[in-house]
Amino acid sequence: MALHLPPEFAASTGALMAYSAFVLVSSITPGPNNTMLLASGVNFGLRRTVPHLLGICIGMVIMMVIVGLGLGSVFTAIPWTWSVLRVAATAYLVWLAWKLATAGGLQDREVARPMTFLRAAAFQWVNPKAWVMAVGACSAYVLHPNLWTNAALMALLCGVVNLPSITTWAVFGAALRRWLANPRVLRVFNVTMALLLLASLWPILGAHPHGA
């Protein structure tokens, strides 16, 4: 027997699927978060990278709620705020890249520290890709006519899709640890990751959230 769905239900199901696909592509593709997770998996292992993973996911969930309730409109109302964000993001990512490029070998892992939960969550607010993702999603998709319910649904789905997507990068990094035990090889890897972290800014900083 064929199942006949109300038109509004079919429309909302389509929006859910489209939004989930958008979050998946945005979460699993290279960017500042995933580059740092790959490097953290190599340098600290998966277990010590878990707070970093959870911080990114919860940070994105909180951002999605707040942007979904209207914060994203600030960039349209006050365009110069996006320029301020780009400057802050560039400065912070240059500092992170420097720290990564000058990190010690695996034997120094008890001295070096992976990114904490709070730092990872806070980093999303100066991560241009996170802003482009959140504002772009809230501008393009409507999952429920009620503002608060819509923001909650978008945040929930973001967390469900984002966490396993970014975890793949940390797992891959952890799998590479035994191949990078040589300090010289690890130094080359960390410098490469630092350069990729800086390169990840190029396509993002040229975009505006409402142009995503």
Cluster question for you: counting only ILVMFWY and a side-chain heavy-atom cut-off of under 4.5 Å, with indirect links fine, are [X] and [Y] together?
{"X": "Val67", "Y": "Val142", "result": "no"}
{"X": "Ile28", "Y": "Leu37", "result": "yes"}
{"X": "Val50", "Y": "Leu118", "result": "yes"}
{"X": "Val171", "Y": "Met193", "result": "yes"}
{"X": "Phe22", "Y": "Val161", "result": "yes"}

Non-hydrogen side-chain atoms of [X] and [Y] separated by less than 4.5 Å:
{"X": "Leu153", "Y": "Thr149", "result": "yes"}
{"X": "Thr29", "Y": "Asn34", "result": "no"}
{"X": "Met63", "Y": "Met133", "result": "no"}
{"X": "Phe123", "Y": "Ile56", "result": "no"}
{"X": "Val191", "Y": "Arg187", "result": "yes"}
{"X": "Asn33", "Y": "Gln124", "result": "yes"}

Geometric class of the Tyr141/Tyr19 ring pair [parallel <30°, tilted 30-60°, perpendicular >60°]: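 Judged by the thresholds at 30° and 60°, the geometry between Tyr19 and Tyr141 is perpendicular.
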Parallel, tilted or perpendicular: rings of Trp125 and Trp131 (30°, 60°):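 Plane angle over 60°, so perpendicular.
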To check you understand the geometry: which heavy-atom pair defines the closest contact between [X] and [Y], and what is its length?
{"X": "Gly41", "Y": "Thr49", "answer": "N-OG1, 3.7 Å"}
{"X": "Met64", "Y": "Cys158", "answer": "CE-SG, 3.9 Å"}
{"X": "Asn162", "Y": "Cys57", "answer": "OD1-CA, 3.6 Å"}
{"X": "Phe189", "Y": "Ala39", "answer": "CE2-CA, 4.0 Å"}
{"X": "Leu143", "Y": "Asn150", "answer": "N-OD1, 2.6 Å"}
{"X": "Ala101", "Y": "Ala194", "answer": "CB-CB, 3.8 Å"}

[atom1] of [X] to [atom2] of [Y]: how many Å apart, nearest 0.5 Å?
{"X": "Ser20", "Y": "Met154", "atom1": "OG", "atom2": "CE", "answer": "9.5 Å"}
{"X": "Arg184", "Y": "Leu186", "atom1": "CZ", "atom2": "CG", "answer": "13.0 Å"}
{"X": "Leu163", "Y": "Thr167", "atom1": "CG", "atom2": "OG1", "answer": "4.0 Å"}
{"X": "Lys99", "Y": "Met36", "atom1": "NZ", "atom2": "CE", "answer": "14.0 Å"}

Side chain to side chain contact (heavy atoms under 4.5 Å, CB included) evaluation trace for Trp169 with Thr35: CA-CA 8 Å; Trp169 287 79; Thr35 301; 5.5 Å; no
Short side-chain to backbone donor-acceptor contact, Arg177 and Asn43, under 3.5 Å: yes
Intermediate values then yes/no, side chain to side chain contact (heavy atoms under 4.5 Å, CB included), Leu157 and Val23: CA-CA 8 Å; Leu157 273 175; Val23 174; 6.0 Å; no
Full working for side chain to side chain contact (heavy atoms under 4.5 Å, CB included) between Leu196 and Leu38: CA-CA 11 Å; Leu196 289 176; Leu38 177 62; over 6 Å; no
Donor-acceptor side-chain pairing of Ser27 and Ser165 below 3.5 angstrom: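 No pair is found: no donor N or O on one side chain lies under 3.5 Å from an acceptor on the other.
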Donor-acceptor pair between Ser26 and Lys129 side chains, under 3.5 angstrom: no
Residue from Thr192, Asn190, Leu195 passing side-chain contact (heavy atoms from CB on, under 4.5 Å) with Leu100: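 Only match with Leu100 under side-chain contact (heavy atoms from CB on, under 4.5 Å): Asn190.
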Residues Met115, Leu96; criterion side chain to side chain contact (heavy atoms under 4.5 Å, CB included); working and verdict: CA-CA 10 Å; Met115 186 172 283; Leu96 285 176; 4.1 Å; yes
Over 12 non-hydrogen atoms of neighbours within 6.0 angstrom of CZ in Phe172: no
